[in-house]
Q: 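Before I ask anything, here is the structure I am working with.
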Amino acid sequence: VSGMVYALLVTDTSALRAFTIKYPRQPPAFVGGPPGFAAAIVDESREMKYQYHCTDEMVLAFILEKYNTGVSLLKQQSNGNFNRIITTLSKNGKQKVFIAGICS
């Protein structure tokens with residue numbers, strides 16, 4: 001989001017190491033492009049964004065938590081403090097519903 005300040009905070013180095021071993025960075029999708037997440041994670045992220053209309057911050061917060069990366073996404077509030085962003089998944093019948101929130 002334009003004008004917003006975000007931070008990634010490593011909260012568990014062991015979990016981060018385990019994640020990077022289990023899901024190693026993939027080669028760039030195009031010459032000169034950045035390496036990326038494993039295909040399954042990218043597919044899940046796209047589904048959240050395009051099928052369920054989640055924002056980029058919702059997707060990243062959810063993926064970081066779901067895959068136990070040991071990393072949290074923080075967003076700076078108007079008072080200058082950073083708060084952790086969380087995205088939860090619930091179901092309404094067979095329909096998935098993603099809900100964004102901020103931990104204080």
Q: What do the steps show when you test Tyr23 against Phe37 for ring-ring contact (aromatic ring centres under 6.0 Å, His included), and what is the final call?
A: CA-CA 7 Å; Tyr23 300 100; Phe37 285 120; 8.7 Å; no
Q: Is it possible for you to say whether Ile85 and Val71 belong to one hydrophobic cluster, with membership spreading through side-chain heavy-atom contacts below 4.5 Å?
A: yes
Q: Is Glu44 close to Lys66 at the side-chain level, that is, under 4.5 Å between some pair of heavy atoms?
A: yes
Q: Side chains of Leu60 and Tyr6: does their closest heavy-atom pair fall under 4.5 Å?
A: no
Q: Sequence neighbours excluded, which residues qualify as salt bridge (charged side-chain N to carboxylate O under 4.0 Å, His left out) partners of Asp43?
A: none
Q: Minimum heavy-atom separation for Leu73 and Ala61, please, with both atom names.
A: CD2-N, 4.2 Å
Q: Tell me whether Leu89 is reachable from Val59 by hopping between hydrophobic residues (I, L, V, M, F, W, Y) whose side-chain heavy atoms are closer than 4.5 Å.
A: yes
Q: Under a 4.0 Å N-O cut-off, is there an ion pair linking Arg84 with Glu65?
A: yes
Q: May I have the list of side-chain donor-acceptor pairs in residues 10-22 shorter than 3.5 Å, sequence neighbours left out?
A:
| residue | atom | partner | partner atom | Å |
| --- | --- | --- | --- | --- |
| Thr11 | OG1 | Gly70 | O | 3.1 |
| Asp12 | OD1 | Ser14 | N | 3.1 |
| Asp12 | OD1 | Ala15 | N | 3.0 |
| Thr20 | OG1 | Leu16 | O | 3.3 |
| Thr20 | OG1 | Arg17 | O | 2.9 |

Q: Ile63 and Ser45: which non-hydrogen atoms are nearest, and at how many Å?
A: CG1-OG, 3.7 Å
Q: Looking only at atom types and distance, does a side-chain atom of Gln51 sit under 3.5 Å from a main-chain N or O of Lys49, one as donor and one as acceptor?
A: no
Q: Return the minimal non-hydrogen interatomic distance between Met58 and Ala100, and the atom names on each side.
A: CG-CB, 3.6 Å
Q: Out of curiosity, Cys54 SG to Glu47 CD, how far, rounded to the nearest 0.5 Å?
A: 9.5 Å
Q: Answer whether the closest heavy-atom distance between the side chains of Tyr52 and Gln95 falls below 4.5 Å.
A: yes
Q: Quick one: does Gln76's side chain have a donor or acceptor within less than 3.5 Å of a partner on Gly80's backbone?
A: yes
Q: Could you state whether Leu64 and Met4 fall into the same hydrophobic cluster, counting links through intermediate Ile, Leu, Val, Met, Phe, Trp or Tyr residues with side-chain heavy atoms under 4.5 angstrom apart?
A: yes
Q: Minimum heavy-atom separation for Glu57 and Thr87, please, with both atom names.
A: O-OG1, 4.5 Å
Q: Rounded at 0.5 Å granularity, tell me how far CG in Leu9 sits from CG in Leu74.
A: 5.0 Å
Q: For the ring pair Phe62 and Phe98, is the centre-to-centre distance below 6.0 Å?
A: yes
Q: Using side-chain contact (heavy atoms from CB on, under 4.5 Å), reason through Ser72 and Leu8 one step at a time and then give a plain yes or no.
A: CA-CA 6 Å; Ser72 294; Leu8 293 172; over 6 Å; no
